[in-house]
Structure formats: C-alpha cells, structure tokens
Amino acid sequence: MLLGIDYGTTRTVVAAADRGNFPVASFQNESGDTQEWYPSLIAASDFGELLFGFDAAARQREANWHLLRSFKRQLATLGADSSVQIGARRYTTLALLTFLAQLRRDLQKRSVRARKGAEFEAMISVPANANSNQRFLTIEAFRAPASRCAG
C-alpha cells in the first residue's frame with residue numbers, strides 16, 4: 001500500500017494512493033468513533049512507559065502520566081543523542097520518534113482503509129528545518145519494529 005504521511009505538529013494525516021485517487025485513511029479512536037487524523041501525542045508514565053497517538057490521548061487526564069504535545073517542533077533542535085524531559089524522565093529523540101512505528105501499527109490495527117498485515121511504502125513529511133540526521137531518524141523510526149513502540 002502506497003501512503004503519504006503528513007507528520008503534523010498536532011495531527012498526523014495519512015493518505016493512500018489508490019488508482020489515481022488519494023483517500024485519507026481514517027482511524028477508529030478509543031470510543032469507536034472514526035476520525036481522519038491521528039493524534040500527534042506522546043504520553044510518558046512516571047514508571048518509564050511511553051504511549052503514542054490514541055493510547056497517549058486516552059491517558060491525558062490520568063495521574064502518573066505526562067503528555068507531550070507538539071513534540072515535532074522540538075525535533076528541529078534535537079540531534080540523535082539529544083533527549084527531552086517528560087515528567088521525571090528523559091527520552092532520546094529516537095524513543096520519541098517511535099511514535100511513527102506506533103502509527104504504522106495503528107494503521108494496520110485501527111485504520112478503516114488498511115488491510116491487516118499489509119506492507120506499507122510511505123513518504124513521510126519531516127520538519128521544514130530538519131537536518132539530514134533528523135530526516136534519517138524520522139525514517140528509521142517508521143521502520144522500527146512494533147516491539148520498540150512500548151518505550
């Protein structure tokens with residue numbers, strides 16, 4: 001499946017290339033409602049667990065969870081060895097970018113459009129001011145195995 005991913009600051013939108021049409025992929029959220037965007041959120045627990053997207057949104061009002069919004073803006077100033085403070089812990093740039101691996105998994109699990117087990121070929125947007133290192137990290141994060149999504 002050919003995809004275009006607009007990795008946004010607050011929302012991430014995925015469109016498929018399908019015989020000259022470009023339908024936007026919709027996702028089922030925790031409530032079972034369908035929406036045509038994926039939340040660009042990261043939640044970190046006091047115990048070191050990272051959650052992304054819908055799973056992060058579901059934890060935003062829970063004790064012991066800290067939400068990081070607009071993390072894409074921070075990536076423009078981070079290098080591969082840089083880290084970001086969320087709650088009491090620090091997380092590396094690549095750990096935060098595993099958001100994209102979770103997006104890939106949720107495309108297979110929650111998307112109305114994707115077929116289970118489908119292979120994806122994707123074009124992913126990166127921050128406009130991103131350097132080569134940040135571009136490389138973004139692509140590697142999307143390729144990361146789903147097992148690394150847990151943080």
Side-chain angles (χ1 to χ4, degrees), residues 1-76 78 84-87 89 91-130 134-151:
M1 179 178 286
L2 299 174
L3 302 174
I5 300 173
D6 180 11
Y7 170 38
T9 304
T10 58
R11 295 178 176 183
T12 297
V13 177
V14 179
D18 183 16
R19 297 171 300 220
N21 297 310
F22 303 97
V24 172
S26 47
F27 297 87
Q28 287 186 335
N29 62 22
E30 294 292 323
S31 304
D33 296 328
T34 301
Q35 58 192 53
E36 292 186 332
W37 51 272
Y38 188 82
S40 298
L41 295 173
I42 298 174
S45 75
D46 290 341
F47 311 107
E49 184 180 5
L50 282 176
L51 295 176
F52 307 92
F54 292 110
D55 296 335
R59 299 291 193 283
Q60 63 185 328
R61 290 180 179 80
E62 291 183 22
N64 301 323
W65 284 92
H66 310 278
L67 202 63
L68 179 61
R69 298 176 187 275
S70 304
F71 64 91
K72 181 181 162 189
R73 287 188 182 145
Q74 295 180 16
L75 295 178
L78 297 176
V84 172
Q85 184 88 25
I86 309 174
R89 296 180 181 251
Y91 296 91
T92 65
T93 303
L94 189 55
L96 297 180
L97 280 171
T98 55
F99 160 85
L100 292 167
Q102 180 68 41
L103 170 64
R104 185 187 69 212
R105 192 170 92 187
D106 281 346
L107 272 165
Q108 293 173 329
K109 186 172 93 176
R110 297 179 184 221
S111 176
V112 176
R113 173 155 279 293
R115 296 178 307 274
K116 192 165 183 91
E119 291 291 320
F120 298 125
E121 186 174 334
M123 296 295 294
I124 304 169
S125 67
V126 295
N129 299 347
Q134 291 155 337
R135 291 173 195 272
F136 174 77
L137 286 172
T138 300
I139 300 304
E140 286 304 304
F142 188 75
R143 290 180 181 156
S147 61
R148 287 192 25 208
C149 295

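Numbering of residues begins at 1 and proceeds along the displayed sequence.
- Among residues two or more places apart in sequence or in another chain, the side chain to side chain contact (heavy atoms under 4.5 Å, CB included) test is passed with Ala122 by Leu3, Ile5, Ile124, Phe142.
- Rounded to the nearest 0.5 angstrom, Gln108 CD and Leu103 CG are separated by 10.5 Å.
- Around CD of Glu30, the count of heavy atoms belonging to other residues, nucleotides or ligands within 6.0 Å exceeds 12.
- Considering CG of Leu41 and CG of Leu51, their distance stands at 11.0 Å, rounded to 0.5 Å.
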Can you list the steps and then say if Tyr38 with Leu107 is a side chain to side chain contact (heavy atoms under 4.5 Å, CB included)?
CA-CA 10 Å; Tyr38 188 82; Leu107 272 165; over 6 Å; no
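- Contact detail for Glu36 and Val24: the closest heavy-atom pair is O-CG1, 3.6 Å.
- Thr92 places a side-chain N or O within donor-acceptor distance of the main-chain N or O of Ala95, the cut-off being under 3.5 Å.
- Atom CZ of Phe22 is separated from atom CG of Leu2 by 9.5 Å, given to the nearest 0.5 angstrom.
- For Thr9, the side chain to side chain contact (heavy atoms under 4.5 Å, CB included) partners are Ser70, Lys72, Arg73, not counting sequence neighbours.
- Side-chain contact between Phe27 and Val14 is present, with heavy atoms from C-beta onward closer than 4.5 Å.
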Review item, side-chain donor-acceptor pairs of residues 52-68, under 3.5 Å, at least two apart:
{"residue": "Asp55", "atom": "OD1", "partner": "Arg110", "partner atom": "NH2", "Å": "2.8"}
{"residue": "Gln60", "atom": "OE1", "partner": "Arg69", "partner atom": "NH2", "Å": "2.9"}
{"residue": "Gln60", "atom": "NE2", "partner": "Ala57", "partner atom": "O", "Å": "3.3"}
{"residue": "His66", "atom": "NE2", "partner": "Asp46", "partner atom": "OD1", "Å": "2.5"}

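- With sequence neighbours excluded, the residues forming a side chain to side chain donor-acceptor pair (under 3.5 Å) with Thr12 are Ser40, listed by chain and number.
- Residues satisfying the side chain to side chain contact (heavy atoms under 4.5 Å, CB included) test with Asp33, not counting sequence neighbours, are Asn29, Ser31.
- Summarising the geometry, atom OG1 belonging to Thr98 is positioned 10.5 Å from atom CZ belonging to Arg105; distances are rounded to the nearest 0.5 Å.
- Ser111 places a side-chain N or O within donor-acceptor distance of the main-chain N or O of Ser26, the cut-off being under 3.5 Å.
- With rounding to the nearest 0.5 Å, the separation of OH in Tyr91 from CD1 in Ile86 is 6.0 Å.
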